[in-house]
Structure formats: C-alpha cells, structure tokens
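The block underneath contains the structure these notes are about, expressed in structure tokens.
Naming convention: chains lettered A, B, ... in sequence-line order (proteins, then strands); numbering from 1 in each chain.
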Amino acid sequence: MGGDLDLDVLTVSSARAAVQERQTTAATLVENFYSKIEAKDRQAGQINAYLNLTRERAFEQAKQLDAIVDRGDPLPPLGGVPIAVKDVMVTRGIRTTAGSKILGNYVPAYDCTAIQRLEQAGAIILGKLNCDEFAMGSSNENSAWGPVRNPRDLSRVPGGSSGGSAASVAAGTAVAALGSDTGGSVRQPAAFCGVVGLMPTYGRVSRYGLIAFASSLDHIGPLTKSAKDAAIILRHLAGRDVMDTTSADVPVPDYEQEIGKPVRGLRIGVPKEYFPAEMDSEVRAAVESGLKLLAEAGCEIKTISLPHTRYAIPTYYVIATAEASSNLARYDGVRYGYRSPNARTLSEMYRRTRDEGFGAEVKRRIMLGTYALSAGYYDAYYLKAQKVRTLIAQDFLAAFKEVDSIVTPTTPTPAFKLGEKSDDPLAMYLADIFTVTASLAGIPGISIPCGNSKDGLPIGMQILGRHFEEATILRVAHAFEHARASAGR
Amino acid sequence: MATAVSPDVRTKYEAVIGLEVHVQLLTVTKAFCGCSAKFGAPPNTNVCPVCLGLPGALPVLNRKAVEYAVRAAMALNCTMRETSIFARKNYFYPDLPKGYQISQYDRPVAEHGYIDVAGVNGATRRIGITRLHLEEDAGKSMHDGLPDSAHYTYVDLNRSGVPLVEIVSEPDMRSPDEAYEYLTRLKEIILYTGVSDCNMEEGSLRCDANVSVRPRGEQKFGTKAEVKNVNSFRFIREALEYEIERQIETVESGEKVIQETRLYNPSEGKTYSMRSKEEAHDYRYFPEPDLMPLVVDAKWQAQIRSRLAELPEARRQRMITEYGITAYDAGVLTATRSLADQFEEAARSAKNPKRVANLLQSEIMGRLKMRGLAIEQSPISMKGIAMSADLVESGAISGKMLKDLYDFAFERNQDFPAVYEQKKPQQITDTTTIEKMIDEVIAASPKQVEQYRAGKKTVAGFFVGQVMKASKGQANPALVNEILSRKLDA
C-alpha cells in the first residue's frame with residue numbers, strides 16, 4: 001500500500017489527503033521517505049542534507065496518526081506530512097549540533113517551540129538537516145559534517161545556511177523543511193535549489209529553541225515546494241509564544257485562504273538598487289520576465305528607490321557578528337558540548353575548546369563581533385550600524401506607502417560551484433546582498449523560483465512585504481506560480 | 001605598611017568613597033525563568049534550560065522582580081526611568097552559563113536617588129545614589145571542601161538567574177564611618193521595603209567599595225582602587241581604613257596609587273591586588289536583543305508606590321509624636337520593620353498606647369541594657385508589655401508590683417503573661433470583704449455619690465477604680481460591679 005505514491009510531487013495537502021484517505025498509511029509514508037533518503041542522501045558524493053534521522057520519533061508520531069485514521073477521525077491539519085528540520089532547532093533527546101563540532105555530542109533537554117507546534121498539528125519530523133555551522137554561511141560548506149550538494153547539480157552548492165533544508169525539499173526527501181534565516185539563510189538556498197523559502201516577519205514565529213546566531217535577526221521559516229505549502233505551514237508556526245517575549249501578539253490569519261484572493265490592482269515596487277548594471281544577465285532576465293507575468297496578472301509595477309541599500313552588507317555584518325560573539329560565548333566546554341582534553345588551566349580550557357570546537361568562519365565572525373563591541377569601537381561600529389539599520393528600515397516604511405510589495409532578485413547569481421568562493425569570505429558575504437536588507441528591517445520576504453539559467457540552474461525571485469503582511473507576499477507568490485505554470489515557463 | 005601613618009599626616013588627606021551594593025530580591029522565582037530562587041537547595045536542582053544557558057533558551061522577565069526593584073528605587077528616592085533597557089555584560093567565567101550576564105547599562109530602571117545619613121554633631125549628610133538597576137546573579141563556583149577539590153572546581157547554578165538590584169552611590173562618602181552608616185541605612189531601608197532579607201552570610205547583600213584619597217581641599221579625585229567582596233559591614237569599615245592608610249602612605253612616599261581591583265583579607269586586615277586596570281575586563285555591553293525594552297509606566301509606578309510601606313525615617317518621626325518617645329528609642333524600635341510592627345501592634349491593642357511606650361522606655365530598655373541584651377532578645381514580648389500596661393491602667397496591679405513582675409520575668413527569662421499567671425495577686429471573691437471596701441469608698445466620696453445619683457452614671461467607673469485600688473487589684477471585678485450598682489442604686 002502506498003508504494004506507488006510519487007514522493008517528488010507530494011505536497012503538504014496531498015500528503016495529508018493520502019494518509020487520510022488511506023492511499024497509504026503514515027508509517028508506510030515515513031518508511032518510503034527513509035528509503036529515498038538512504039538512496040539519495042547518505043552515500044559519499046550524494047546530497048548529504050540529513051545529519052540525523054529521527055526514526056523512533058517519526059514512527060511514534062505516524063502510529064498516533066494512523067490510529068486516528070483507523071478510528072475514522074479527521075487528521076489534524078498537518079497530519080501525516082513528513083517534514084525535516086534544520087539542525088539549529090533543538091530536539092529533546094535527539095542530538096542537535098548546529099553543524100558544529102563544538103556541539104557534536106550535544107543532546108538537548110527540551111523541544112524547540114516551532115517543532116513542537118508542527119508536531120502538534122500532526123507533522124512527522126523525519127530528521128535533522130545539515131547547515132552551515134551556527135547558521136553562518138551562504139554555501140553550506142561551513143558545516144563540520146561536510147557540505148551539502150545541490151540536488152539540481154551535485155557539483156554546486158545548495159546555498160546556505162539552510163542548505164540541507166532547501167536540498168531536502170528539492171530532492172523530495174522531505175515534503176517541507178524548516179530553516180532559519182538571519183541574513184538570507186532560508187531565501188538564498190531556496191533560490192539556489194529551486195524551491196520556495198519564506199522568512200516571516202521578525203517576531204511572527206517564536207525563536208524559543210532556535211540556537212541563536214544573531215538574536216535580533218534570527219527567524220525560523222518554512223522551505224516548501226509551493227507558496228500554498230508555505231502558507232499552510234506558516235499558520236501553524238506563527239503566533240505569540242510565552243517562552244519568547246520578542247514574539248508578537250498579532251493575530252494569525254488563515255494564510256491558505258488569504259492566498260486565494262486576487263492580485264489585480266496590487267502595487268509592486270521594483271527597487272532600482274537591486275538591478276545594478278553589472279548584474280548577472282540571466283538573473284536579470286528571469287526576474288524581469290517574472291515581473292512581466294505579474295503585470296499581466298493585473299499588478300501595477302512601479303520603480304522605487306531604497307537609497308540605503310548599499311550600506312546593508314556592512315551594517316548586517318557588524319550587527320550579526322556582534323550578537324554572535326555574545327551568543328556563542330556559552331560554548332565554553334564547561335557544561336555541555338565539546339571540551340578540549342588538552343587543557344591544564346581554565347583559560348587554556350576556554351581557548352583550546354573554542355579553537356578546536358569552532359570552524360574558521362565562526363571564529364572569524366566571533367572576532368569581528370568582539371571587535372565591534374569593544375571599548376572605544378562600540379560607537380563607531382555597533383552603534384553606527386544600529387543607526388543605519390534604522391535608516392534601512394525607514395526606506396522600506398517609506399516605500400510601503402507607495403507600494404504593497406517589493407520584488408527583487410533573491411541572489412545576484414545562480415548556485416555556484418563547491419569550493420568556488422570558500423576561500424574568499426567577502427565574495428561569499430555578497431551572496432546575501434539582496435536578502436540582508438529585509439532581515440535588518442524585520443519585514444517578511446519570500447523567494448520563489450522564477451526561471452532557470454541556460455545551465456538549468458534555478459533562479460529565485462524575492463517578494464518583500466510590510467510587517468506582518470505575510471499574506472500579501474504569499475498571495476503574490478501564489479498568483480505568480482499560477483501565471484508561470486499557465487505561461488508554460 | 002599602612003600602620004605608620006601618623007594622625008597629623010592622616011588629617012592632611014581626605015578619603016573619597018563610593019559604594020556598589022548588590023541586593024538579592026526575595027522573589028519566589030528567578031529573574032528570567034520559573035525556577036525557584038530559594039537559597040539552600042541541593043546543588044543544581046533549581047535549574048532549567050534558561051538559567052543553565054542551554055542553546056536556544058530565551059529569558060522571560062519576572063514582573064515581580066521589576067516591582068521589587070522599583071519599590072527599592074522609590075524607597076531610595078530615585079527618579080524612575082519609564083523605559084529602561086536590558087544589556088548584556090560579557091565575560092567568561094565557569095559559573096556564568098551564558099558567557100554574559102543580563103544587566104542594565106546606559107538606561108537603568110532608576111537614577112538620582114539619595115540616603116540621608118547621620119553625620120557628626122547630629123547633622124545629616126545626604127549621600128547620592130547614582131543609579132539602581134536590575135540584573136541576574138551568576139552561579140557559584142565551589143573550589144574547596146569536596147573530596148576531589150584538589151583536581152576539580154564544581155559549579156552550582158541554583159543561584160544563576162536570581163534577581164538582583166545593584167545600587168551605585170555617588171562618591172559622596174568621606175570616611176569609613178560614613179560608609180558604614182550609609183550601608184546601615186541602606187540595609188534598613190531595603191529591609192523595610194521587604195524586597196530583600198539583606199542576609200550577608202547567604203550573599204543576599206554584597207558590597208564593593210571604590211576608594212581614593214586626595215589632599216584636603218583638592219577638588220580633583222585621586223586614583224581609585226576597588227575593594228571587592230567584603231562580606232560584612234565591619235569588614236568594609238576595616239578594609240576602607242586599611243586602604244585609605246595604604247593610599248596615603250603610597251602618596252606620601254612619592255609614589256602613585258595604581259588603579260586596580262583589590263581583595264580584602266579579613267584575618268590579616270589587609271587588601272591585596274587582584275588585577276590592574278590593564279587586566280580589567282572589557283564587558284562589551286550591548287542591548288540585550290532577547291528582551292524588549294522594560295516599560296514601567298505611570299500607572300504601574302503608582303501601583304507599586306501604593307504598596308510601598310512607611311519608611312524608617314518617616315516612621316521614627318511619627319512614632320516620636322504619636323507615642324511621645326525619645327528619638328533614641330524611636331531609633332531602637334524602628335531598627336527593623338518587624339520590631340516596629342510588633343511594637344505598634346501591641347501599643348495600639350492596649351488601652352493606652354503611650355503607657356506601652358513609656359513602660360518600654362522606662363522599664364524594659366534599662367533592664368535590657370543592664371544585661372547587654374538586644375531588644376529582640378527581651379524575655380518580655382511587646383504583647384507582654386501591652387498586657388502589663390493594661391493591668392496597670394485598670395488598677396489591677398500597682399506600679400511596684402509591675403516592676404517586681406518584670407524583674408521576675410527577666411530572672412526567669414519568661415514572658416509577662418506566664419509570669420503574671422504565676423505571681424498574680426489572689427482574687428478576693430468574698431462578698432463581705434468586697435462590700436466592706438465598697439462601703440468605705442462610698443463613705444469617702446460623698447460628692448461622687450451625689451453626682452451619680454443625680455444621673456451621671458459614668459461616675460461608676462471612678463468607684464470601680466477606687467475599689468480596685470483599695471484591694472490592690474485583687475477584688476473580683478464582676479463582683480465589684482454587681483455590688484457597687486446595688487449599693488449606689490439603692
């Protein structure tokens with residue numbers, strides 16, 4: 001039973017329907033996903049999206065769900081949907097490493113709120129996904145457990161830091177995945193792997209149990225095959241959590257219903273700063289043709305300006321690294337995780353543990369952030385960056401008086417080759433150039449596939465919206481998917 | 001060193017002292033999680049992902065801790081800041097699980113307060129309070145006392161996350177005595193607010209002192225040293241004495257005082273250098289991104305203020321007027337809020353509150369002083385004093401008898417009710433004897449009899465009093481009343 005289900009095309013709602021209508025059982029579905037993971041993900045040279053399979057937990061959940069169906073009761077809204085989660089979200093009793101050697105043996109004592117909520121809604125957690133160490137990176141090459149490969153071209157990176165999340169959805173080894181986005185870490189890999197990636201508004205989804213990189217910029221978001229799947233999952237992730245006092249007490253709409261509304265008359269802004277003369281011609285062409293489709297669907301396209309865009313990368317790297325330098329101080333070898341066996345004094349234990357436990361990029365960012373917060377430099381770096389952050393947010397606020405959403409490319413180029421930028425941190429940082437602005441402003445953004453390069457590599461289009469107006473960007477994304485499908489592109 | 005400074009040299013210099021006091025708040029739970037904040041639990045039992053600093057855990061601010069901090073700030077005459085900001089203070093230490101302490105930095109919850117302390121010649125000196133801010137405590141490193149202490153340090157994180165307020169004074173104090181007085185007043189005020197037990201042994205009150213010296217008349221401050229972790233007020237006075245002399249000697253010998261942190265060793269009475277300015281931490285403070293700005297608006301402030309108890313100084317003034325006691329005794333009685341409460345409760349329950357105060361002042365205090373006892377150690381409780389006052393008031397016992405009973409109580413270390421039960425005069429219940437006494441009183445008071453018979457029934461009280469007096473309080477009051485009314489109304 002269920003052996004003939006095509007896992008590649010399974011969506012959130014079709015997976016639930018298949019289990020509900022007994023085309024398959026939840027247990028069989030899980031079994032089939034694990035077979036597929038074993039076949040495509042686990043061998044050397046394969047995708048390497050999964051770090052850890054949570055079989056016991058998945059089959060236990062599947063058993064509960066199958067019992068519901070046995071009784072003839074309706075499944076919960078995400079009932080039977082196999083989902084995988086980035087390894088920066090803690091799972092009780094299940095090793096959680098954040099892609100780092102320093103947490104190589106770490107088994108958390110509690111569950112991340114986002115995972116708890118999805119499981120409560122019936123989702124089945126298949127496993128933990130590879131990522132850049134502590135979510136720091138744009139290629140997934142910074143994982144202590146080896147890089148993830150792009151399912152569309154195994155010689156290329158999947159993007160990062162949620163590379164495993166994007167790759168698992170693109171490879172069909174999960175119906176959907178959770179990632180985290182600090183400067184583009186959901187949207188950029190979604191673009192590279194040709195899937196949908198949503199960064200909700202800051203505060204929309206609880207961060208409790210998300211291993212912190214940069215607290216004021218960290219967001220949990222879904223990676224899916226469609227805007228509709230993202231809409232369904234977001235509804236169950238979103239909402240105030242008493243364990244995260246920065247989570248917002250703003251009503252959560254029924255996004256699935258919202259995305260069905262027409263887009264005719266919506267005003268879409270196209271910021272000129274996101275289309276520099278020297279940009280990749282294929283990316284430009286794909287996004288421009290995407291905009292054409294939106295215009296044909298009745299959207300009003302307007303050129304706008306977000307004048308402080310060019311300061312976004314330095315601003316982001318000051319704030320994110322400053323917060324990271326503090327957030328990562330707890331990995332000191334005292335209470336959990338890796339402790340260097342070679343130390344004789346306390347300070348030596350600290351130095352060696354952190355030197356041996358952290359990878360090069362993490363150490364680079366801790367040093368940058370420590371410097372930015374140091375006495376005598378704080379005003380020039382951290383404080384200045386906070387001021388610029390405000391200006392960038394104001395750019396968006398002003399723009400959103402004129403337009404309802406903003407469309408840009410998600411990334412300057414399609415997926416690059418493994419190793420191509422790993423020795424050049426600055427080039428790597430520029431991979432986030434179009435995504436960090438929304439992170440800094442705290443507004444929601446979604447990346448959806450809008451075309452392919454001549455090498456067949458996916459190209460992503462980013463849609464940004466007002467604070468807490470995820471419904472609008474999901475609606476535009478949904479309409480675009482339909483327009484693109486009917487146009488046959 | 002530091003004993004050779006002659007009084008002549010000493011008077012050429014002036015000390016400048018500022019104090020940083022940490023007070024642990026008596027909340028049931030910790031500042032940022034739901035764990036118990038109770039002292040004394042087995043190690044690492046009051047802990048959770050938040051106060052252990054586990055990956056992904058986030059702080060949730062305890063409203064009670066805010067209320068207690070604001071209440072303390074109000075009691076210290078501070079100006080409240082409606083919107084204050086939590087900040088991270090970053091440093092590595094094994095008992096600091098997150099690698100940073102959540103504190104407040106450039107926008108603390110309250111600023112610009114003061115405490116008036118007794119200065120020389122009965123004058124008061126106003127010591128400024130720069131700021132009061134809310135923060136979390138760290139855990140405890142246990143270096144000694146365990147079987148394998150030679151090889152390991154253990155960490156107990158029960159205290160990690162317990163709420164503290166740090167109260168920073170202006171550099172307004174000029175002598176160790178003044179610092180001692182400031183601390184005494186500060187502790188008294190905090191105890192009155194009920195937000196802390198200020199127990200120094202359990203670490204719920206901790207003090208660091210900044211001290212420098214300068215030639216008398218000089219406006220500029222000298223280079224300061226910080227003396228840390230002194231665990232009693234007496235030791236702080238001693239540490240400051242030592243430190244001031246050390247610095248004067250340093251300056252006198254033509255050297256420079258070094259800016260540094262020093263530790264006091266109470267058994268030697270000396271301070272030792274712990275780390276220099278160059279080795280000082282750069283705490284890299286920045287706003288805590290996991291917590292929203294703390295807003296204590298006017299409405300919340302008013303609520304907190306309405307729950308603020310009467311403070312010691314105000315209470316002393318009121319008690320002096322209300323009970324006619326001396327300023328000294330008011331001071332003794334208000335030394336703790338519970339003592340003052342006991343006194344006032346007893347006094348107010350008595351027929352004549354002033355008599356309670358008088359007895360306390362004239363009879364109890366002297367006896368305590370003779371025996372070197374503190375008022376808390378008095379065998380006679382406040383309730384006992386109130387009871388005895390009522391007995392004297394009603395004429396049931398004479399003043400002489402009261403003194404005898406008090407002596408007996410102090411001798412036996414028993415409270416007044418017990419002593420009275422053993423020693424109270426036998427009651428006269430023989431009606432013939434009582435009648436005889438009443439007849440004598442009536443015969444001796446023709447004027448009152450006349451008044452009574454003219455309708456002024458309240459005079460009856462006078463007769464009762466006279467009879468009780470004549471019987472030395474031993475006549476059965478019910479019988480006295482009964483026979484009296486029969487005779488007077490006849």
Part of A:L346 lying under 4.5 Å from any heavy atom of chain B: side chain
Close contacts, residues 89-101 of chain B versus chain A, judged by heavy atoms under 4.5 Å: B:N90, B:F92, B:Y93, B:P94, B:L96, B:P97, B:K98, B:G99, B:Y100
Region of A:L210 that comes under 4.5 Å of a non-hydrogen atom in chain B: backbone
Polar side chain donor-acceptor pair, A:S162 to A:K86, under 3.5 angstrom: yes
A:K128 bridged to A:D87 by N-O distance under 4.0 Å: yes
Pair A:S216, A:R389: side-chain N/O donor-acceptor within cut-off below 3.5 Å: yes
Residue part contacting chain B, namely of A:Y208, when any heavy atom lies under 4.5 Å: both
Lys/Arg-Asp/Glu bridge criterion (N-O < 4.0 Å) met for A:K363, A:D355: yes
Partner chain B: residue of A:T96, A:T370, A:D244 with the largest heavy-atom pair count (under 4.5 Å): A:T370
Part of B:D282 within contact of chain A (heavy atom distance under 4.5 Å): side chain
Salt bridge flag under 4.0 Å for residues B:E111 and B:R131: no
Salt bridge B:E67-B:R71, side-chain N to carboxylate O under 4.0 Å: no
Aromatic ring proximity B:Y283/B:Y105, centre distance under 6.0 Å: no
Ring-ring centroid check A:Y331 A:Y106, cutoff 6.0 Å: no
Heavy-atom pairs under 4.5 Å with chain B, option from A:D332, A:L373, A:L328 with the top count: A:L373
B:K64 and B:T29 side chains, donor-acceptor separation under 3.5 Å: no
Contact origin within A:T113 toward chain B - heavy atom pairs under 4.5 Å: neither
Region of A:N327 in contact with chain B, defined by heavy-atom distances below 4.5 Å: both
A:V88 versus chain B, the contacting section by heavy-atom distance below 4.5 Å: neither
Side chain, backbone, both or neither of A:Y202 within contact of chain B (heavy atoms, under 4.5 Å): side chain
Check: B:L157 and A:R335 side chains under 4.5 Å, non-hydrogen atoms: yes
Ring-ring centroid check B:F286 A:Y378, cutoff 6.0 Å: no
